[in-house]
Q: 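Take this structure first; my questions come after.
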Amino acid sequence: MEYNFREIEPKWQRFWREQKTYRVENNSSKPHYYVLDMFPYPSGAGLHVGHPLGYIASDIYARYKRLRGFNVLHPMGYDAYGLPAEQYAIQTGQHPAITTEQNIKRYREQLDKIGFCFDWDREVRTCDPDYYKWTQWTFIQLYNHYYDEELQKARPISELVKKFENGDDRAPKWNTMSEAERQQLLMDYRLAYLADIPVNWCAELGTVLANDEVVGGLSVRGGYPVERKLMRQWSLRITAYAQRLVDGLEQVDWTDSLKEIQRNWIGRSEGAAVWFPLDSPTDCKSLMPDGNLEDCKGKENRSSVPAFEIFTTRPDTIFGVTFMVLCPEHELIEQITTPEKRDEVAAYVTWAKNRSERERQAEVKKVSGVFTGAYAINPLTEEKIPIWVSDYVLAGYGTGAIMAVPAHDSRDFAFARHFNLPIRQVVSLEKDVTSDPATWSESMDAKTGYAVNSGFITGMKVKEAMATVIDKIEEMGIGRRTINFRLRDAIFSRQRYWGEPFPIYYKDGNACPIPEECLPLLLPEISEYKPTATGEPPLGHAEKWAWDETNRKVVDKKLIDNKSVFPLELSTMPGFAGSSGYYLRYMDPRNNEAYFSKEAVGYWQNVDLYVGGAEHGTGHLIYARFWNKFLFDIGLAVKEEPFQKLINQGMIQGRSNFVYRSKSDNNLFISKGLIKNMDDVTPIHVDINIVDNDILDIDRFRLWRPEFADARFELEDGKYVCGWEIEKMSKSMFNVQNPDDLVERYGADTLRMYEMFLGPVEQAKPWDTNGIEGVFRFFKKFWRLYHDNSNNFCVSDEAPTKAELKVLHQTIKKVTDDIERFSFNTSVSTFMICANDLANLKCNKRAVLEPLAVLIAPFAPHIAEELWHLLGKSQSVCSADWPQYDEKNLVEDTFKYPVSFNGKMRFTIDLPANCTQDEAIAALKDMPEYQKWTEGKEPKKIIFVPKRIINIVC
RNA sequence: GCGGAUGUGGCGUAAUUGGUAGCCGCGCUAGACUUAGGAUCUAGUUCCUCACGGAGUGGGGGUUCGAGUCCCCCCAUCCGCACCA
């Protein structure tokens, strides 16, 4: 018997469980460190090898930190609410809670086999009432707060009410307003608010979706078409935090690419909002703000001039405006369109509004639009400018209206060319040099060069011109410096069952939160998981779903006629509700009095290391940052950013194998190397489990599927070689690798090490089992270091030799450095080199193996624990101290043989750090090897590099 | 289109961060020990060349005594956003 992981691994897993080795306390004299994984959604398919990649990396780091003397929080839980369980419920009638419970059980079994050091006593599940109580609680806090622009933080809505009562520009008529009107107004300020907004409606899923849940007009889950629809929905005012979300990125230790993804998503752009007066008097509701616009001389009151506001990032090009464009949804269209254009415009608007998102996105390059017949006045040039309508201007961004500068914006350029509108150059790369835009093939969009043909800014550099124009319009009182964000508020309602119920009831049409003491508001049982016949969300089926205000409890809907019983909200919260604050709950997961205690958060602060996929860059990672900033504002979280360092583990793709069936003979399969022409064969996916190192197991192939029972093969060297391709890991391509199978065959330690050995954690890589044997061999070799031929444990108490010490200390240094920089693949290589070296030295000395057991424990905890106990320890290796290396043992011989290149010699010698050139040369000349190489001749030139290198030109 | 990355043997990758390119592993070749081996061990394996030699980190320039690494210009692949004014 050799290295028997089947015996070792369950033994120590049991030991850790019984000893509660991974239990973490909230107080300790040790420094704290928080390592977190993105918790999984427990899907029915179970874990595949991609999931544990990040978990293994974080587990290694957590174990390492623990060995380095930190008190490490390393929890795990489940993001248990979500669509798939509910879709399954619709099909089968099985309650999502049951499906979820089963899936969690399976996940837990799979995770346990890999030997993670999670503190399972802290497990959280988002669907657990003790957990979602605090999700609901946070929602109520969001509802009861608004964002104070002056203080740049969330404040209680009651403070805003007080301001309004004392007179405030934002609510001049507050004291005469009705209660309903007041509530309506406050909705415009609450951080969680109810509003009619255009939403992404997915008919197939029967729910609205957030922007990050829609890609290319299709739902991320399921890939169903999504349409724009105006609906009354709950939203979170995340846009209030847009600036802080951008700023906060400076403080965190994330990759540049992920920070950039978030910056793009938030989409901050600086520019100006400018009012353009309308040329013809109309019955227009939007009016020029007060100011001293000269053009309005003669009018009694400037603010009676009809006008509309646009947003531009290029105020310097205002002299180049040749037309204006409104989005089809713009309210001004109806008011300004001239009678003769009315039909044409109405037809266009109807057409544009009815286009699906998908059509619109697919036909981005198609130019469409219509002239309204109305004109605006350029406030700086007093020119008359035609106003058009086009769907290339979006309702949701800026003011839904633009000034078009075709010479310097590619979209305006395309529009102008299509409708034959004038193009006027107002920016030039060189001062005073212009050309005829009619000859241009594209617009000149770059923000560089000088203003031309531009009145008082002519000759200025673009940047200066921008500032000057903004100053001017601010002085004229017709505009101001503005910052716009692409980020939209997060739609928070889902017309779904399997999610957190909103703690909201409707009293006379007004939303009211249920009292905090009554939380959690439990998800009711329902008979059917589909929408109701009247189109209500599934919660409409719930009988007992009304709020009794007097008795403060949920009662039957039939009692709603009663004066104190009101309907409850029928939507539920989206997936990101539960996952936005879970990392805080882990700090104090069983607290029934609070989300988490002040002591707990005061001790742990925030997550030091967060590991998870980059696909959450525009979803979870934005929402969680927002959620945390809000909790920070109201004094719960103590750090503004939740995740200090973040590592994105790369996606693991599948590596599919193919057999090639001859087109002329359906039973003939040709080995890859023998195929002359790929057109003669049909590649067929073959289960990767019957292929080893691309060699097909022919017998198992014949048994795999009945139609292959009579298969014949053209073999090369007696083997059938399969083709391969990198594809997404999926059942249909027979390339899914289940970690359980590998644990069964090679053991958890081998799986862990191999997943790390595959390459850098952050890099996307295909799963490939071809190298796992090498790691497995390492473990067998490692085991043999301290076992004799009869598998008896066998160590020596002799003092290690210099060579052995060098191997050990090199390993300690390299592994320590590698872990610190999250380079786990190189650590694995280092262990292999170490084992090879020790095997060559036949070293089985206690003094070497003991530190080695600790060193390898983060990577291969089972074999480390086994060795540790074989060495006579009774405590877990997890409570050991990380070994230190001693530079003395690393010092090379002070001289390496010189290498000649192009007539030059290079000598490598060890020098003190502050060594001068003269000292270095003197030391060099003392070396016998130097004298031998230069044969006593004086070299032409000695080049000293202040490190340890000297080049000599002979 | 904009933004971010990446590019090294047959394959996964490494390179003390500007210092002998190819560590470690897979695969492959030869050999040893074995009744056998999908076990173990030894040697070899970037390419061209019998060899001597030469070429070589996507391509082209540059900085440097010295470049996979730094700078500039291309090319290719991957990812994110995409009519955001």
Side-chain angles (χ1 to χ4, degrees), chain A residues 2 215-216 255-265 267-269 271 310-314 317 325 327 360-361 363-367 390-394 396-405 408-412 414-415 442 445 484-488 614-615 617-618 650-651 653 655 692-695 724 726 754 757-760 762-766 768-775 777-778 780-781 784 789 813-814 817 823 825-836 839 896-904 906 908 941-945 947-953:
Chain A
E2 292 193 321
V215 173
T255 60
D256 289 340
S257 78
L258 189 64
K259 285 186 188 180
E260 210 48 44
I261 285 172
Q262 291 216 337
R263 282 195 199 101
N264 286 343
W265 186 260
R268 180 184 194 276
S269 50
I310 59 99
F311 172 75
T312 179
T313 54
R314 295 296 302 274
T317 61
V325 188
C327 65
R360 188 164 155 149
Q361 287 184 10
E363 295 171 10
V364 159
K365 292 221 166 73
K366 267 196 188 162
V367 178
S390 173
D391 67 352
Y392 84 91
V393 173
L394 303 178
Y397 186 76
T399 58
I402 61 153
M403 60 176 218
V405 185
H408 304 289
D409 182 284
S410 53
R411 298 151 303 183
D412 299 344
F415 194 82
E442 58 182 358
D445 293 11
N484 248 310
F485 294 95
R486 205 189 71 102
L487 186 71
R488 304 292 145 83
E615 67 272 20
T618 54
M651 269 244 272
Q653 298 135 299
R655 187 180 188 278
D692 192 16
N693 276 331
D694 293 337
I695 307 297
W724 58 271
I726 304 305
Y754 183 60
F757 183 69
L758 226 42
E762 310 211 11
Q763 194 174 300
K765 51 204 161 246
D768 183 348
T769 324
N770 288 349
I772 199 166
E773 291 284 346
V775 175
R777 264 173 225 156
F778 157 78
K780 287 190 280 193
K781 187 178 279 183
R784 278 198 304 271
N789 291 338
K813 182 176 193 314
K814 189 78 176 28
D817 292 350
S823 176
N825 55 329
T826 53
S827 318
V828 179
S829 294
T830 305
F831 281 121
M832 290 182 176
I833 295 168
C834 174
N836 285 342
K896 270 188 186 169
Y897 286 102
V899 175
S900 95
F901 56 96
N902 299 341
K904 296 163 198 163
R906 206 185 80 204
T908 305
K941 196 166 136 198
I942 298 179
I943 298 145
F944 173 76
V945 182
K947 280 194 178 171
R948 57 202 168 92
I949 309 299
I950 295 180
N951 291 324
I952 298 137
V953 182

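In what follows, chains carry the letters A, B, and so on, assigned in the order in which the sequence lines appear, proteins first and then strands, with residues in each chain numbered from 1. This structure is a prediction, so every number in the text was calculated from the model and none was measured.
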Q: Which nucleotide in the list C83(B), G4(B), C24(B) gets nearest to the side chain of Tyr392(A)?
A: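 That would be C83(B).
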Q: Tell me which of Tyr397(A) and Pro766(A) sits closer to the 5' end of RNA chain B, going by the nucleotide each one is nearest to.
A: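 Result: Pro766(A).
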Q: Residues two or more places apart in sequence or in another chain: which of them pass side-chain hydrogen bond (donor to acceptor under 3.5 Å, both in side chains) with Arg488(A)?
A: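 Here no residue qualifies.
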Q: Side chain of Pro760(A) only, heavy atoms from C-beta on: which candidate in A14(B), A39(B), G4(B) is closest?
A: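 My answer, after comparing the listed nucleotides, is A14(B).
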Q: Run through Ile310(A), Asp409(A), Asp412(A) and flag the one making a side-chain contact (heavy atoms from CB on, under 4.5 Å) with Met403(A).
A: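 Exactly one option meets the side-chain contact (heavy atoms from CB on, under 4.5 Å) with Met403(A), and it is Ile310(A).
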Q: If the C1' atom of C70(B) is compared with that of G18(B), how far apart are they to the nearest Å?
A: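 Looking at atom C1' only, C70(B) and G18(B) are 8 Å apart.
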Q: What is the distance, rounded to the nearest whole Å, between atom CD of Glu260(A) and atom C1' of A82(B)?
A: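 Atom-to-atom, Glu260(A) to A82(B), this comes out as 15 Å.
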Q: By the 4.0 Å heavy-atom rule, please label Lys781(A) as base, sugar-phosphate, or nothing.
A: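 Sugar-phosphate: the residue Lys781(A), judged by heavy atoms under 4.0 Å, touches backbone atoms but no base.
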Q: What is the distance, rounded to the nearest whole Å, between atom CD of Gln262(A) and atom C1' of C81(B)?
A: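 For the pair Gln262(A) CD and C81(B) C1', the rounded distance is 13 Å.
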Q: Counting distance only, does the side-chain N/O of Asn484(A) pair as donor-acceptor with the main-chain N or O of Ser269(A) below 3.5 Å?
A: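 Here the side-chain-to-backbone pair does not exist.
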Q: Using the rule given for side-chain contact (heavy atoms from CB on, under 4.5 Å), can you reason through Asn825(A) versus Leu758(A), listing the C-alpha separation, both sets of side-chain angles and the distance that settles it, and then say yes or no?
A: CA-CA 7 Å; Asn825(A) 55 329; Leu758(A) 226 42; over 6 Å; no
Q: Taking only N and O in the side chain of Lys259(A), is any of them less than 4.0 Å away from OP1 or OP2 of G4(B)?
A: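 No, Lys259(A) has no side-chain N/O under 4.0 Å of OP1/OP2 on G4(B).
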Q: Sub-3.5 Å donor-acceptor pair from the side chain of Lys259(A) to the main-chain atoms of Ser257(A), do we have one?
A: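 Looks like no, no N/O pair under 3.5 Å.
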Q: Please answer whether the main-chain N or O of Thr826(A) pairs with a side-chain N or O of Lys814(A) as donor and acceptor at a distance below 3.5 Å.
A: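 Between the backbone of Thr826(A) and the side chain of Lys814(A) there is no qualifying donor-acceptor contact (under 3.5 Å).
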Q: Under 4.0 Å, counting only non-hydrogen atoms across every strand here, what does Asp391(A) touch: a base, just sugar-phosphate, or nothing?
A: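 If one applies the 4.0 Å heavy-atom cut-off, Asp391(A) turns out to touch a base.
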Q: Scan Asn484(A) against the nucleic acid and name what it touches under 4.0 Å (heavy atoms): base, sugar-phosphate only, or nothing.
A: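 If one applies the 4.0 Å heavy-atom cut-off, Asn484(A) turns out to touch nothing in the nucleic acid.
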Q: Heavy atoms under 4.0 Å, any strand shown: does Val775(A) hit a base, just sugar-phosphate, or nothing?
A: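 No contact.
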Q: Any idea how Phe311(A) and Tyr397(A) line up, ring-wise: parallel (<30°), tilted (30 to 60°), or perpendicular (>60°)?
A: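 Taking Tyr397(A) first and then Phe311(A), their aromatic rings stand perpendicular (interplane angle over 60°).
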Q: Could you identify the nucleotide paired to C78(B), looking across every strand shown and requiring Watson-Crick or G-U wobble geometry with both distances under 3.5 Å?
A: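 The answer is G4(B), by the H-bond criterion.
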Q: Provide the distance between the two C1' atoms, one in C74(B) and one in C24(B), to the nearest whole Å.
A: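 Here C74(B) and C24(B) have their C1' atoms 35 Å from each other.
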Q: Could you state the atom-to-atom distance from CG of Asp768(A) to P of G10(B) in whole Å?
A: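 Taking CG of Asp768(A) and P of G10(B), I get 17 Å after rounding.
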Q: Whom does U20(B) pair with, Watson-Crick or G-U wobble, provided both distances fall under 3.5 Å?
A: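 Paired with U20(B), as far as the under-3.5 Å criterion goes, is no nucleotide at all.
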Q: Under 4.0 angstrom, heavy atoms only, what part of the nucleic acid is Arg488(A) near: base, sugar-phosphate, or nothing?
A: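 It contacts base atoms.
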Q: Please report the distance, rounded to the nearest Å, between CG in Leu758(A) and P in C11(B).
A: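 In whole Å, C11(B) P and Leu758(A) CG are 16 Å from each other.
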Q: Quote, to the nearest angstrom, the C1' distance that separates U63(B) from C78(B).
A: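 That atom pair is separated by 31 Å.
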Q: Closest to the Arg486(A) side chain: A39(B), C81(B), C24(B)?
A: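 Side chain of Arg486(A) sits closest to C81(B).
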Q: Expressed in whole Å, how much space separates the C1' atoms belonging to U57(B) and A67(B)?
A: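 Each nucleotide's C1' atom is 11 Å from the other's.
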Q: Where do Arg314(A) and His408(A) come nearest, in terms of heavy atoms and distance?
A: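 Closest pair (atom of Arg314(A), atom of His408(A), distance): NH1-O, 4.3 Å.
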Q: What is the distance, to the nearest angstrom, from the CD atom on Gln763(A) to the C1' atom on G7(B)?
A: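 The distance from CD of Gln763(A) to C1' of G7(B) comes to 11 Å, rounded to the nearest Å.
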Q: What's the CZ-P distance between Phe757(A) and C24(B), to the nearest Å?
A: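 The distance from CZ of Phe757(A) to P of C24(B) comes to 10 Å, rounded to the nearest Å.
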Q: For G56(B), which nucleotide is its Watson-Crick or G-U wobble mate, given both distances must be under 3.5 Å?
A: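 No nucleotide pairs with G56(B).
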Q: Measuring only the C1' atom in each nucleotide, how far is A82(B) from U6(B)? A whole number of Å is fine.
A: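 It comes out at 22 Å once rounded to the nearest Å.
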Q: Using the C1' atom as the reference point in each nucleotide, state the distance between A5(B) and A85(B) in Å, no decimals.
A: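 Looking at atom C1' only, A5(B) and A85(B) are 28 Å apart.
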Q: Is the phosphate of A85(B), meaning OP1 or OP2, less than 4.0 Å from a side-chain N or O of Ser269(A)?
A: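 Yes.
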Q: I need the CG-C1' distance between Asp412(A) and A85(B), as an integer number of Å.
A: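 These atoms are roughly 7 Å apart.
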Q: Determine the interatomic distance between P on G60(B) and the same-named atom on G9(B); round to the nearest Å.
A: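 Between the two P atoms, the distance is 15 Å.
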Q: Asp256(A) or Asn825(A): which one's nearest nucleotide on RNA chain B is closer to the 5' end?
A: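 Per heavy-atom nearest nucleotide, the more 5' residue is Asp256(A).
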Q: For a quick check of understanding: with a heavy-atom distance under 4.0 Å over all strands, which category does Leu394(A) fall into, base, sugar-phosphate or nothing?
A: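 Base: the residue Leu394(A), judged by heavy atoms under 4.0 Å, touches a nucleobase.
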Q: Under the rule for ring pair (Phe, Tyr, Trp, His ring centres under 6.0 Å), what residues qualify as partners of Phe757(A), not counting sequence neighbours?
A: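 With sequence neighbours excluded, Phe757(A) shows a ring pair (Phe, Tyr, Trp, His ring centres under 6.0 Å) to no residue whatsoever.
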Q: In the structure shown, which nucleotide is the Watson-Crick or G-U wobble counterpart of A39(B), with both distances under 3.5 Å?
A: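 Base-paired to nothing in any strand shown.
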Q: Answer with base, sugar-phosphate or nothing: what part of the nucleic acid does Arg263(A) contact at a heavy-atom distance below 4.0 Å?
A: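 It contacts nothing in the nucleic acid.
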Q: Would you kindly give the CD1-to-C1' distance between Ile261(A) and G80(B), to the nearest whole Å?
A: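 Interatomic distance, CD1 of Ile261(A) to C1' of G80(B): 5 Å.
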Q: Among G12(B), U40(B), A82(B), which is the nearest nucleotide to the side chain of Arg777(A)?
A: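 From the listed options, U40(B) comes nearest.
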Q: Considering every strand and a 4.0 Å limit on heavy-atom distances, what is the contact class for Thr255(A): base, sugar-phosphate, or nothing?
A: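 Here Thr255(A) touches no strand at all.
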Q: Partner lookup for C33(B), please. Criteria are Watson-Crick or G-U wobble with both distances under 3.5 angstrom; report none if nothing qualifies.
A: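 Base partner found: none.
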Q: Looking at the side chain of Phe311(A), which of A85(B), U40(B), C24(B) is the nearest nucleotide?
A: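 The listed nucleotide nearest to Phe311(A)'s side chain is A85(B).
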Q: Is the base of G10(B) syn or anti, if syn means a glycosidic angle within 90° of 0?
A: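 G10(B): anti.
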Q: C1' atom, G58(B) versus U42(B): distance in rounded Å?
A: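 So the two C1' atoms sit 38 Å from each other.
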Q: Have a look at U6(B) and give me syn or anti from its glycosidic angle (syn if within 90° of zero).
A: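 Anti, angle beyond 90° from zero.
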Q: In the structure shown, which nucleotide is the Watson-Crick or G-U wobble counterpart of G10(B), with both distances under 3.5 Å?
A: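 C26(B) is the nucleotide pairing with G10(B).
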